[in-house]
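For reference, the structure discussed in these notes is given below.
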Amino acid sequence: MAKKIAVIGAGVSGLSSIKCCLDENLEPTCFERSSDFGGLWKYAETSNDGMTRVYRSLVTNVCKEMSCYSDFPFQEDYPNYMSHEKFWNYLREFAEHFDLLKYIRFKTTVCSVTQRPDFSETGQWDVVTETNGKQDRAVFDAVMVCTGHFLSPNLPLESFPGIHKFQGQILHSQEYRIPDPFQDKRVLVVGLGNTGGDIAVELSQRAAQVVLSTRTGTWVISRSSSGGYPFNMMNTRRWYNLIARVLPSRFLSWNQERQMNKILNHENYGLTITKGTKKKFIVNDELPFCILCGKVAVKTSVKDFTETSVIFEDGTVETNIDVVIFATGYRFSFPFLEEPLKSLCTNKVILYKQVFPPNLERTTLAIIGLIGLTGSILAGTELQARWATRVFKGLCTIPPSQKLMAEATKKEQLIKRGVIKDTSKDKLNFISYLDELAACIGSKPNIPFLFITDPRLAWEVFFGPCTPYQYRLVGPGKWSGARNAILTQWDRTIKPLKTRIVTNSPEPASLSRYLKAWGPPVLLASLLLIYKYSLFLKLVQYKLQGRISPYLRLWHAPRIHELANWSAV
């Protein structure tokens, strides 16, 4: 008899979890508290239901080829960066294609998830839900928590002296939908992440003045790269990732900052990252223009509020502020879990590979989507779900709970003592993390073998964009269309741009053209590089420790600034 799996949430992570259950012949039941699927991507005019939704003007930060389900490419006429309507339509097409909707119970809230008395033997859970005021209880063999990052708004009013004296309107970015209510008002936006930047730009078209307060600053990158190609496709590549792991991090950071400041002098625009703080990136094509035109004024962190004014740390004052919007993020929250499991699940340091809590005798609960990546979250959560369902089925194993708890406790102690850094809030490297999960499943592509058996495909996999299709080439879940999807990914990228046909226009340069001239020598070098990969890393890291070889300086290429990890939604 098929194991019964409870899936909590029918957003991006929930939909992929349902499908992965079906792929492994498990029996999913998905509980969604709203009336539709899609999570935050299902736009609503208000936030009265407490759900976090996208604002009306939102456009995706990751291009379509990098943010699709690995066996379901976007239609070729979809734009590379989409409005929320287009992206939700894609989710609908995915759900209908794989017949997922019949497994979702809408308007159903999960009240509690607790271990059954015989959990140590069965690994089963009691799940209590409520639909239209009526409670129901059911037993499940495993649970997949897919509620994501955006459940509970973080509104730290206590951190802002004088905020309770402020007489204007105060709201969290979760409540923001459209700029119309802020016509001719003076607005302060607190927090410069992707959301804060987007809201500031949009408000600048209606408000009398927008003031954008940032505590740390940020690097601003564009959706388009050289030649106008999508940034993610040009920069998320395996060979870039390999070089970035070899070169000293200080050299990469220095060169990256130098190249980015050539495009936009961040100091002049008040965006420079504060020394001693972590790197942060946002994707915003219009913010520099709005600053240049004076529509957005960038300020330091807030020191104090008065009834109508804001005093900043640098001593400057902005008067007659009508509205304050806090774009201060969200807190992780699992209200249906009991302690100590609740605390463990919200601690990324503790979670095994960001998925499994370490204290369970039976590995039958998985946290799907509680990750930050330098690439598409969707692609990461899908691999998490693929791995989790195979663990539930007994086809993949993880270390025993005693070992995991010991390792987690030791790691926490080392962080407290300052021996190692707490990286739980950092974004994970997209390729490295997905490869790690894929290796657990057995679906990580074998690059050296591909170069021998299918050189054309190997070239695109190693030197081209690391699109999600790569994790469907081999192993469990192998998709027969993966190879073609990889070889045609640039066709789908260019297609929506060709709305005006220009006769005799030069075709865009592609890797296949460079292959004719540089293919044989680069292919040989790649094979040698991959074959000696482990030894090469150790040797180079040892020799380069503390200094940079002059040969590496000569090796510098115009696009080497793109080798570091980039932030994306």
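Between Thr364 and Val143 there is no side-chain heavy-atom pair separated by less than 4.5 Å. Looking at heavy atoms from C-beta onward, Leu457 lies in side-chain contact with Leu473 at the 4.5 angstrom threshold. The closest side-chain heavy-atom distance from Asp285 to Ser222 is below 4.5 Å. Inter-residue side-chain proximity for Asp71 and Glu382 is flagged as met; some heavy-atom pair is nearer than 4.5 Å. Using a 4.5 Å cut-off on side-chain heavy atoms (C-beta onward), Val7 and Ile368 make no contact. In this structure the side chain of Val474 never reaches within 4.5 angstrom of the side chain of Phe449, judged on heavy atoms. Side-chain contact between Lys64 and Pro496: present, with at least one pair of heavy atoms (C-beta onward) separated by less than 4.5 Å. Residues Ile377 and Val62 have side chains not in contact (no heavy-atom distance under 4.5 Å, counting atoms from C-beta outward).
A tilted orientation is assigned to the rings of Trp387 and Tyr352, their planes being inclined by 30° to 60°. Classified by interplanar angle (parallel below 30°, tilted 30° to 60°, perpendicular above 60°), the ring pair Tyr229/Trp490 is perpendicular. Taking the six-membered ring where tryptophan is involved, the planes of Trp239 and Phe463 are tilted, since the angle between them lies from 30° to 60°.
Between atom SG of residue Cys20 and atom CD1 of residue Ile5 there is a gap of 11.5 Å, rounded to the nearest 0.5 Å. Rounding to the nearest 0.5 angstrom, the gap separating the CD1 atom in Ile371 from the NZ atom in Lys353 is 13.5 Å. Taking CD1 of Ile367 as the reference point, atom SG of Cys345 lies at 4.0 Å (rounded to 0.5 Å). Residue Thr60 holds its OG1 atom at 12.5 Å from CE of Met66, rounded to the nearest 0.5 Å. The line from CD1 of Ile104 to NZ of Lys102 is 12.0 Å long, rounded to the nearest 0.5 Å. For the atom pair CG of Asn255 and CG of Leu247, the computed distance is 9.5 Å after rounding to the nearest 0.5 Å.
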### Task
Please report the C-alpha distance between Gln259 and Ile263 in whole Å, then the side-chain angles of each, then the deciding distance to 0.1 Å, and finally whether the side-chain contact (heavy atoms from CB on, under 4.5 Å) criterion is met.
CA-CA 7 Å; Gln259 295 294 338; Ile263 301 171; over 6 Å; no
### Message
Is there a side chain to side chain donor-acceptor pair (under 3.5 Å) between Asp435 and Tyr471? Walk through the geometry before answering.
### Response
CA-CA 8 Å; Asp435 276 357; Tyr471 300 100; 2.8 Å; yes
### Message
Go through it in stages, so that I can follow the logic: the residues are Tyr469 and Glu65, the test is side chain to side chain donor-acceptor pair (under 3.5 Å), and I'd like the CA-CA distance, side-chain angles, deciding distance and then a yes or no.
### Response
CA-CA 9 Å; Tyr469 321 122; Glu65 291 300 306; 2.7 Å; yes
### Task
Walk me through it: do Thr374 and Asn429 pass the test side chain to side chain donor-acceptor pair (under 3.5 Å)?
CA-CA 6 Å; Thr374 59; Asn429 180 280; 4.9 Å; no
### Message
Pair Arg56, Glu202 - check salt bridge (Lys or Arg N to Asp or Glu O under 4.0 Å), show working.
### Response
CA-CA 11 Å; Arg56 190 168 67 183; Glu202 185 170 49; over 6 Å; no
### Message
Before you tell me yes or no, could you show the steps for Glu257 and Trp219 under side-chain contact (heavy atoms from CB on, under 4.5 Å), namely the whole-Å CA-CA distance, both residues' side-chain angles and the distance that decides it to 0.1 Å?
### Response
CA-CA 9 Å; Glu257 292 175 11; Trp219 293 106; 3.2 Å; yes
### Task
Evaluate side-chain contact (heavy atoms from CB on, under 4.5 Å) for Ser16 paired with Tyr69, printing each intermediate quantity in order.
CA-CA 8 Å; Ser16 61; Tyr69 291 110; 3.5 Å; yes
### Query
Run the side-chain contact (heavy atoms from CB on, under 4.5 Å) check on Phe462 and Leu242 step by step: do they pass?
CA-CA 10 Å; Phe462 187 66; Leu242 174 60; 4.0 Å; yes
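Panel note: side chain Asn261, backbone His266; a donor-acceptor pair is recorded below 3.5 Å. Panel note: side chain Thr328, backbone Asn154; a donor-acceptor pair is recorded below 3.5 Å. A donor-acceptor distance shorter than 3.5 angstrom exists from the side chain of Thr218 to the backbone of Lys280, with no hydrogens or angles considered. Side chain of Lys42 to main chain of Asp36: no donor-acceptor pair is present (N/O by atom type, distance under 3.5 Å, no hydrogens or angles). Formation of a donor-acceptor pair under 3.5 Å by the Ser253 side chain with backbone atoms of Arg250 is not found in this model. A side-chain donor-acceptor contact under 3.5 Å links Asn235 to the backbone of Phe231. Of the possible donor and acceptor atoms, one in the side chain of Arg177 sits under 3.5 Å from a partner among the backbone N and O of Ala44. Between the side chain of Gln470 and the backbone N or O of Ile486, no donor-acceptor pair lies under 3.5 Å. Judged by distance alone, the side chain of Asn25 and the main-chain N or O of Ala2 form no donor-acceptor pair under 3.5 Å. At least one donor-acceptor pair closer than 3.5 Å links the side chain of Thr52 to the backbone N or O of Phe150.
Of all the heavy atoms in Leu437 and Gln384, the pair that sits closest is CD1-CG, 3.7 Å. Residues Pro399 and Leu404 come closest through the heavy atom pair O-CD1, 3.6 Å. Residues Ser443 and Leu383 share a closest heavy-atom pair of OG-CD2, 4.3 Å. Residues Asn241 and Ser432 share a closest heavy-atom pair of ND2-OG, 3.5 Å. Between Lys427 and Leu373, the closest heavy-atom pair is CD-O, 3.4 Å. Of all the heavy atoms in Ala95 and Leu101, the pair that sits closest is CB-CD2, 3.8 Å.
In the displayed structure, Lys495 atom NZ is contacted under 6.0 Å by at most 12 heavy atoms of other residues, nucleotides or ligands. The local environment of NZ in Lys478 is sparse, with at most 12 non-hydrogen atoms from other residues, nucleotides or ligands closer than 6.0 Å.
Under the 3.5 Å distance criterion, with hydrogens and angles disregarded, no donor-acceptor pair is assigned to the side chains of Ser152 and Arg331. No side-chain N or O of Glu24 forms a donor-acceptor pair with one of Thr389 less than 3.5 Å apart.
Partner Phe87 forms a ring pair (Phe, Tyr, Trp, His ring centres under 6.0 Å) with one of Tyr43, Tyr78, Trp41 and no other, that one being Trp41. Put simply, the residue from Pro288, Ser57, Cys290 that forms a side-chain contact (heavy atoms from CB on, under 4.5 Å) with Val201 is Cys290. When each of Phe106, Trp88, Phe94, Tyr103 is tested with Phe37 by the rule ring pair (Phe, Tyr, Trp, His ring centres under 6.0 Å), just one qualifies, namely Trp88.
The residues Lys498 and Glu76 are annotated as not salt-bridged, no charged nitrogen and carboxylate oxygen being separated by less than 4.0 angstrom. Using a cut-off of 4.0 Å between Lys/Arg side-chain N and Asp/Glu carboxylate O, Arg386 and Asp23 are scored as not salt-bridged.
A cation-pi arrangement is present between Arg258 and Trp254 under the rule of less than 6.0 angstrom and at most 45 degrees off the ring axis.
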